[in-house]
Amino acid sequence: MAQVSLNKVSKCYPGNVWAIRDINLGIENKEFVVFVGPSGCGKSTTLRIIAGLEEATGGDVYIGNQLVNNIPPKDRNIAMVFQNYALYPHMSVYDNMAFGLKLRKYPAIEIQSRVKDAATMLGIEQLLHRKPRELSGGQRQRVAVGRAIVRKPLVFLFDEPLSNLDAKMRVQMRTEIKKLHIRLQTTMIYVTHDQTEAMTMGDRIVVMKDGDIQQIADPINLYDKPVNRFVAGFIGTPPMNFVIGTIIKKDGKLFFNESRFMVKIVDSMYKVLEPYIGKELVFGIRPEDIYDKLFVSEASVDNTIKATCEIIEPMGSEAYLYLNTGKNQLIAKVGGHDKPAINSDMDLVLDMSKVHFFDKETGKTII
């Protein structure tokens with residue numbers, strides 16, 4: 001069994017610089033978990049502590065049922081794939097993949113079998129005689145993954161392994177790594193700053209900020225039910241729109257009032273939002289929940305606002321509209337053929353059943 005457990009794990013560098021604080025996390029056997037967050041949030045530090053490459057200032061790390069705090073990396077039965085591949089330039093692909101097994105004095109016939117099986121799995125059988133300098137970035141990354149596979153570890157650790165690849169190769173390789181997880185049925189922990197990678201690859205995602213875990217959830221729940229404004233804004237492309245305004249009551253109905261526009265709140269949210277009447281809070285709506293009124297059959301003044309389209313980013317099947325409401329900037333995601341003219345005035349329809357509200361001071365989700 002290859003569960004990984006972190007119990008109040010912290011890391012403090014000289015000068016009282018805290019990389020992570022009291023991290024608690026349980027990763028199940030055969031689970032694919034992704035750590036995601038901005039640079040400096042502590043995700044790579046956490047991974048390196050699991051690997052044994054960093055010593056925790058406090059807390060315990062378990063792999064399986066074994067406490068590994070004082071166990072060196074080579075004895076933790078993990079394999080790590082780095083951002084820079086870390087291949088030996090003077091060795092062939094075969095020797096790079098076999099090197100760790102040779103150090104552990106595996107029989108030559110078993111080494112040959114493991115390397116061949118891994119190379120076949122990754123589609124690099126024809127590259128075994130080449131040197132790393134003769135390979136593309138994607139091929140080098142496959143070799144680095146293959147070197148990890150031959151070890152047959154309990155846990156695979158990936159530290160931003162695709163960041164040096166071009167956009168097309170990144171998409172291909174993240175698909176290959178996900179297929180690999182399904183085939184190997186092994187626990188994998190993956191670090192990235194790219195939320196698209198996180199959403200497409202992880203069984204569960206750990207969102208981190210400033211050394212703390214903000215939320216742990218599967219991709220859909222993370223997207224639909226963010227626990228705070230940071231998670232709501234970090235997950236999703238383009239990011240969620242945020243507007244500061246006030247909840248008001250008018251003719252027995254609740255409205256969100258931004259001063260330049262006012263939209264009616266759906267009845268199902270009344271119970272939660274009534275205590276906030278007269279108070280400022282943060283309104284959030286995702287770009288795909290904003291529509292051009294010209295293409296919406298059901299719209300009313302209660303969910304329509306006016307804006308000017310300042311910039312259009314064509315993306316093929318869809319387009320991103322950068323909009324100015326007079327006080328706030330919004331982004332809408334629309335069909336690629338539904339683009340308005342630049343600097344044109346628009347009536348926008350907001351899907352009020354999809355909006356979120358956040359506490360202005362704490363950032364925590366209200367609904």
Side-chain angles (χ1 to χ4, degrees), residues 223-226 228-315 318-361 363 365-367:
Y223 191 80
D224 290 341
K225 300 175 182 178
N228 58 37
R229 180 176 173 176
F230 172 79
V231 175
F234 190 82
I235 299 296
T237 304
M240 183 181 286
N241 298 288
F242 298 109
V243 177
I244 296 175
T246 307
I247 299 296
I248 65 171
K249 193 167 188 177
K250 181 180 178 182
D251 299 328
K253 300 294 184 181
L254 293 187
F255 293 83
F256 173 77
N257 183 27
E258 180 262 0
S259 79
R260 294 296 185 105
F261 67 82
M262 188 166 65
V263 286
K264 182 178 175 294
I265 294 167
V266 296
D267 294 352
S268 61
M269 298 182 182
Y270 277 26
K271 185 176 181 180
V272 176
L273 293 177
E274 278 182 335
Y276 292 88
I277 292 173
K279 297 179 181 178
E280 278 194 329
L281 39 63
V282 179
F283 169 97
I285 186 167
R286 294 204 179 274
E288 62 267 29
D289 298 323
I290 301 175
Y291 308 95
D292 187 336
K293 188 177 180 180
L294 293 175
F295 301 97
V296 179
S297 57
E298 295 182 5
S300 71
V301 293
D302 287 340
N303 67 342
T304 304
I305 68 173
K306 293 187 178 297
T308 301
C309 180
E310 295 184 328
I311 297 174
I312 300 173
E313 288 186 348
M315 304 295 288
E318 59 191 20
Y320 302 158
L321 310 183
Y322 290 78
L323 308 159
N324 188 331
T325 67
K327 184 179 178 182
N328 288 283
Q329 303 291 319
L330 301 178
I331 305 174
K333 185 190 292 187
V334 301
H337 301 286
D338 300 339
K339 302 186 296 292
I342 291 179
N343 292 325
S344 62
D345 293 329
M346 301 177 64
D347 288 323
L348 302 175
V349 178
L350 310 185
D351 185 343
M352 294 300 294
S353 68
K354 300 284 185 66
V355 301
H356 299 263
F357 289 94
F358 306 91
D359 187 285
K360 183 184 174 184
E361 303 304 324
T365 300
I366 298 169
I367 191 171

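When every heavy atom of Gly278 is checked against every heavy atom of Thr246, the shortest pair comes out as C-CG2, 3.6 Å. Closest approach of Pro226 to Val231, counting heavy atoms only: CB-CG1, 3.9 Å. Looking at every heavy atom in both residues, Cys309 comes nearest to Ala341 through CB-O, 4.1 Å. When all heavy atoms are compared, the tightest approach of Lys339 to Ile312 is CD-CG2, 3.5 Å. A pairwise comparison of heavy atoms in Pro239 and Gly233 identifies CB-O, 3.3 Å as the closest pair.
Here the CG atom belonging to Asp351 is positioned 10.0 Å from the CD atom belonging to Glu288, to the nearest 0.5 angstrom. The distance from the NZ atom of Lys306 to the OG1 atom of Thr325 is 13.0 Å, given to the nearest 0.5 Å. Ser344 OG to Leu323 CG: the interatomic distance, rounded to the nearest 0.5 Å, is 9.0 Å. In this structure, Ile342 CD1 and Thr308 OG1 are separated by 12.5 Å, a value rounded to the nearest 0.5 Å. Remark: Leu350 CG to Ile285 CD1 distance equals 4.5 Å, nearest 0.5 Å. Expressed to the nearest 0.5 Å, how far CG of Asn303 lies from CD1 of Ile290 amounts to 12.0 Å.
Taking 4.5 Å as the limit, every side-chain heavy atom of Asp338 sits out of range of all side-chain heavy atoms of Asp292. Using a 4.5 Å cut-off on side-chain heavy atoms (C-beta onward), Arg229 and Phe242 make contact. Counting only heavy atoms from C-beta outward, the side chains of Val349 and Phe295 never approach each other to under 4.5 Å. The shortest side-chain heavy-atom distance between Phe261 and Lys327 does not fall under the 4.5 Å cut-off. Between Ile367 and His356 there is no side-chain heavy-atom pair separated by less than 4.5 Å. Annotation: side chain of Phe256 is not in contact with side chain of Met269 (no heavy-atom distance under 4.5 Å). A 4.5 Å side-chain heavy-atom check between Lys333 and Met315 finds every atom pair outside the cut-off. Looking at Met346 and Leu321, their side chains come closer than 4.5 Å, going by heavy atoms from C-beta outward.
Residues forming a side-chain contact (heavy atoms from CB on, under 4.5 Å) with Lys271 (at least two apart in sequence, or on another chain): none. Applying the ring pair (Phe, Tyr, Trp, His ring centres under 6.0 Å) rule to Tyr223 yields no partners; only residues at least two apart in sequence or on another chain are considered.
Checked against Asp289 for a side-chain contact (heavy atoms from CB on, under 4.5 Å), the options Met352, Met240, Lys354 give a single hit: Lys354. None of Phe283, Phe255, Phe357 except one satisfies the side-chain contact (heavy atoms from CB on, under 4.5 Å) rule with Ile265; the exception is Phe357.
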- Task: Would you check, one step at a time, whether the test side chain to side chain contact (heavy atoms under 4.5 Å, CB included) holds for Gln329 with Asn324?
- Result: CA-CA 5 Å; Gln329 303 291 319; Asn324 188 331; 3.3 Å; yes
Q.
Could you walk me through whether Met262 and Ile248 satisfy the side chain to side chain contact (heavy atoms under 4.5 Å, CB included) test, starting with their C-alpha distance in whole Å, then the side-chain angles of each, then the deciding distance to 0.1 Å, before giving a yes or no?
A. CA-CA 9 Å; Met262 188 166 65; Ile248 65 171; 3.3 Å; yes
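Tyr270 places a side-chain N or O within 3.5 Å of a backbone atom of Leu254 that can act as its donor or acceptor partner. Of the possible donor and acceptor atoms, one in the side chain of Asn241 sits under 3.5 Å from a partner among the backbone N and O of Ile331. Under the 3.5 Å distance criterion, the side-chain polar atoms of Asn228 are left unmatched by any main-chain donor or acceptor of Gly363.
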